[in-house]
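In listed order, ligands and their atoms are each counted from 1. For reference, positions follow the sequence shown, starting with 1. Values in this document were obtained by computation on a predicted structure and should not be read as measured data.
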Amino acid sequence: METIPWSRVRSYAAGLPSSTSSHFISGLKRAEAVPLAPKKFLPAKLSCHPKSCVNALMGFEDGRLSSSSGATATTISPVEEDSPLKTLKYESLSFPSSEERKNLNENDATVSIVVVGASGDLAKKKIFPALFSLFYEDCLPEHFTIHGYARSKMTDAELRNMVSETLTCRIDKRVSRVEKMDQFLKRCFYHSGQYDSMQNFVELDRKMKQHEGGRVSNRLFYLSIPPNIFIDAVRCASMSASSGNGWTRVIVEKPFGRDSESSAALTKSLKQYLEEDQIFRIDHYLGKELVENLSVLRFSNLIFEPLWSRQYIRNVQLIFSEDFGTEGRGGYFDNYGIIRDIMQNHLLQILALFAMETPVSLDAEDIRNEKVKVLRSMRPLTLDDVVIGQYKSHTKGGTSFPAYTDDKTVPKGSLTPTFAAAALFIDNSRWDGVPFLMKAGKALHNKRAEIRVQFRHVPGNLYNRNLGTGLDRATNELVIRVQPDEAIYLKINNKVPGLGMRLDRSNLNLHYAARYSKEIPDAYERLLLDAIGGERRLFIRSDELDAAWALFTPLLKELEEKKITPECYPYGSRGPIGAHYLAARYNVRWGDLGVEQ
Ligand SMILES: NC(=O)C1=CN([C@@H]2O[C@H](COP(=O)(O)OP(=O)(O)OC[C@H]3O[C@@H](n4cnc5c(N)ncnc54)[C@H](OP(=O)(O)O)[C@@H]3O)[C@@H](O)[C@H]2O)C=CC1
Ligand SMILES: O=C1O[C@H](COP(=O)(O)O)[C@@H](O)[C@H](O)[C@H]1O
């Protein structure tokens with residue numbers, strides 16, 4: 001009997017074709033059948049990573065591998081008395097031949113989606129509606145069930161009621177919505193339990209198994225809960241309710257920590273229970289249609305990429321604004337502030353996609369490699385590069401709007417910024433010296449997310465006299481309006497029709513509503529579908545996250561240690577004046593200010 005260290009198992013797996021090796025590792029961990037693994041590969045005893053053994057153990061029921069995976073194993077027993085999960089003994093473990101595997105119908109697999117925190121705001125507002133839209137569009141696998149999990153007591157009927165009543169999505173007015181909803185709700189179940197109770201997750205596992213009906217089970221856990229209970233839930237889910245014979249994936253919602261240290265600690269804790277490829281860190285901005293389109297625009301049109309550098313681009317602006325305050329989320333928000341809530345993730349992700357080099361392929365790892373390179377080429381922010389603000393109460397037309405600190409869940413005298421503007425730089429050959437300006441704020445005059453690319457002057461002044469505006473304001477500007485009313489438009493100088501020679505600024509406009517009759521899917525739909533399909537391209541890898549925090553952590557620490565007071569701005573305004581001074585320092589004018597947008 002030979003003992004195989006986990007490292008050797010891994011190195012054996014590394015020798016397999018890449019498409020098989022991760023499958024192989026997870027196959028071993030969950031004792032799943034693996035196509036290329038030779039029959040009786042494993043001798044009698046396997047000594048492996050405790051976590052893997054736990055997972056392996058789950059794959060077996062009463063010493064036998066569940067039959068749906070096609071593999072068989074007998075007599076599995078812990079060989080270390082004091083720590084039963086550290087070493088397992090497999091007396092014989094055999095995998096089906098490729099011929100046998102052909103008989104395993106892939107379509108027979110099920111997907112069980114567990115919404116952890118199903119009673120919460122995000123689950124109601126986004127996750128259930130997105131799942132319903134996917135179901136309506138026939139995008140979900142044939143066999144799937146959805147399991148709401150939270151502490152609140154609810155029956156299946158009550159969950160279904162909650163889902164149907166709060167469901168607002170693009171499907172609302174479509175034909176057969178009611179029938180489809182009935183069919184959808186029949187697949188939704190609820191299980192009440194604590195987030196740190198193994199026993200409660202074992203019960204959940206039992207329920208899921210009943211619905212899986214012996215098929216290969218794939219399980220997706222969506223952590224829609226506050227971050228302080230992420231690890232409890234992941235521990236219980238991975239140890240008591242992960243799939244025995246299929247994949248187990250976990251979608252983790254932001255915030256991924258508050259700074260470099262807490263983020264690294266979170267990643268380390270997650271990796272006690274999960275492999276990196278099981279972790280799907282969601283940034284829902286990556287699921288937005290126009291953000292997804294950024295790479296298409298750049299890499300499939302000849303006209304943009306040659307201009308995409310310091311040679312032609314004067315500055316890039318990433319702008320996020322909301323016309324409402326923290327409303328109801330002040331408790332969460334006060335611990336994070338706008339820089340962590342929007343800039344360090346949503347805007348920085350867009351920036352990375354905007355600025356990265358052409359990836360080797362569209363493979364997730366190739367794209368994420370390029371994004372990491374950009375992030376690692378950036379200068380960490382300093383106080384000088386940033387302006388922060390906080391909204392104050394304001395009365396307009398007889399209606400009064402509250403200050404941030406009027407929110408009962410926000411501590412009096414809080415210095416948390418609800419607005420920030422920042423100048424960032426990428427120290428690489430493509431972007432050297434080009435300011436990337438970010439601006440994000442709550443309680444501003446409109447709701448908008450956009451990317452503005454301001455180009456340099458046309459050399460020479462041939463039409464200078466004919467321009468209705470100064471040369472400085474007549475440069476080309478490409479606007480990618482992520483939301484609302486999605487559009488891509490290019491501001492050009494154009495001759496006003498007539499006998500004279502007068503130029504104006506006009507837009508070459510790709511207005512989505514006019515061009516496409518199909519509605520745009522919600523970001524959560526795309527991301528859920530990708531997670532089910534194992535597509536990681538739009539999810540954040542841990543090294544990306546580390547690089548993103550490395551940029552913002554020194555600034556965040558300084559702001560907090562020095563207790564920097566944010567500049568006030570009235571609710572509903574365009575934000576603090578300091579943002580203009582910051583832009584002016586880099587010879588930039590915010591593109592979203594003029595009457596003409
Ligand atoms: N809401 C949003 O728009 C967005 C949310 N997010 C992130 O998504 C996640 C979920 O957000 P959201 O739905 O707003 O969160 P909620 O505050 O609504 O919490 C979700 C559920 O978690 C349980 N819960 C809440 N607080 C605690 C606690 N202290 N201890 C144990 N359980 C608790 C509650 O369920 P029960 O009591 O029934 O167990 C609650 O229904 C968070 O990580 C958030 O940061 C990200 C982007 C946007
Ligand atoms: O992640 C978050 O995003 C929302 C804005 O998302 P959107 O899709 O509606 O633009 C923001 O309100 C929230 O504060 C933040 O946590």
Check: every ligand 1 N/O to protein N/O pair under 3.5 Å:
| residue | atom | partner | partner atom | Å |
| --- | --- | --- | --- | --- |
| ligand 1 | 1 (N) | D121 | OD2 | 2.8 |
| ligand 1 | 3 (O) | K125 | NZ | 3.0 |
| ligand 1 | 13 (O) | D121 | N | 3.1 |
| ligand 1 | 13 (O) | L122 | N | 2.8 |
| ligand 1 | 18 (O) | D121 | N | 3.1 |
| ligand 1 | 32 (N) | R151 | NH2 | 3.2 |
| ligand 1 | 35 (O) | S119 | OG | 2.9 |
| ligand 1 | 35 (O) | Y195 | OH | 3.3 |
| ligand 1 | 37 (O) | R151 | NE | 3.4 |
| ligand 1 | 37 (O) | R151 | NH2 | 2.9 |
| ligand 1 | 38 (O) | S119 | OG | 2.7 |
| ligand 1 | 38 (O) | R151 | N | 3.4 |
| ligand 1 | 38 (O) | S152 | N | 2.9 |
| ligand 1 | 38 (O) | S152 | OG | 2.4 |
| ligand 1 | 39 (O) | R151 | N | 2.8 |
| ligand 1 | 39 (O) | R151 | NE | 2.9 |
| ligand 1 | 39 (O) | Y195 | OH | 2.6 |
| ligand 1 | 41 (O) | S119 | OG | 2.7 |
| ligand 1 | 41 (O) | G120 | N | 3.1 |
| ligand 1 | 43 (O) | I225 | O | 2.8 |
| ligand 1 | 43 (O) | K254 | O | 3.2 |
| ligand 1 | 45 (O) | K254 | O | 3.0 |

Among F189, F201, Y190, the one residue meeting ring-ring contact (aromatic ring centres under 6.0 Å, His included) with Y149 = F201

For residues S414 and T405, is any side-chain donor paired with an opposing acceptor at under 3.5 Å?
-> no

Without hydrogens or angle criteria, can the side chains of S242 and Y273 be said to hold a donor-acceptor pair below 3.5 Å?
-> no

Under 3.5 Å, sequence neighbours excluded: what are the donor-acceptor pairs made by side chains of residues 286-297?
| residue | atom | partner | partner atom | Å |
| --- | --- | --- | --- | --- |
| K288 | NZ | Q483 | OE1 | 2.6 |
| E289 | OE1 | R526 | NH2 | 2.6 |
| E292 | OE1 | R537 | NH1 | 3.2 |
| E292 | OE2 | R537 | NH2 | 3.4 |
| N293 | ND2 | Y512 | OH | 3.2 |

T416 and D334: side-chain donor and acceptor closer than 3.5 Å?
-> yes

Would you say the side chains of R452 and N315 form a donor-acceptor pair under 3.5 Å?
-> no

Check ligand 2 against the protein and report each N/O to N/O distance under 3.5 Å, formatted as atom name, atom name, distance.
| residue | atom | partner | partner atom | Å |
| --- | --- | --- | --- | --- |
| ligand 2 | 1 (O) | K254 | NZ | 2.7 |
| ligand 2 | 1 (O) | H346 | NE2 | 2.8 |
| ligand 2 | 6 (O) | H284 | NE2 | 3.1 |
| ligand 2 | 8 (O) | H284 | NE2 | 2.8 |
| ligand 2 | 8 (O) | K288 | NZ | 2.6 |
| ligand 2 | 9 (O) | K447 | NZ | 3.4 |
| ligand 2 | 10 (O) | Y285 | OH | 2.4 |
| ligand 2 | 10 (O) | Q483 | NE2 | 2.7 |
| ligand 2 | 12 (O) | E322 | OE1 | 3.3 |
| ligand 2 | 12 (O) | E322 | OE2 | 2.5 |
| ligand 2 | 12 (O) | K442 | NZ | 3.4 |
| ligand 2 | 14 (O) | R329 | NH1 | 3.4 |
| ligand 2 | 14 (O) | D341 | OD2 | 2.6 |
| ligand 2 | 14 (O) | K442 | NZ | 2.8 |
| ligand 2 | 16 (O) | K254 | NZ | 2.7 |
| ligand 2 | 16 (O) | R329 | NH1 | 3.3 |
| ligand 2 | 16 (O) | D341 | OD1 | 2.7 |
| ligand 2 | 16 (O) | D341 | OD2 | 3.4 |

Using the side chain to side chain contact (heavy atoms under 4.5 Å, CB included) rule, pick out the option among F144, W247, F280 that qualifies with L220.
-> W247

Hits for salt bridge (charged side-chain N to carboxylate O under 4.0 Å, His left out) against K126, two or more places apart or cross-chain, chain-then-number order -> D522

Carefully, step by step, assess S133 and Y524 under the rule side-chain hydrogen bond (donor to acceptor under 3.5 Å, both in side chains).
-> CA-CA 10 Å; S133 298; Y524 285 86; over 6 Å; no

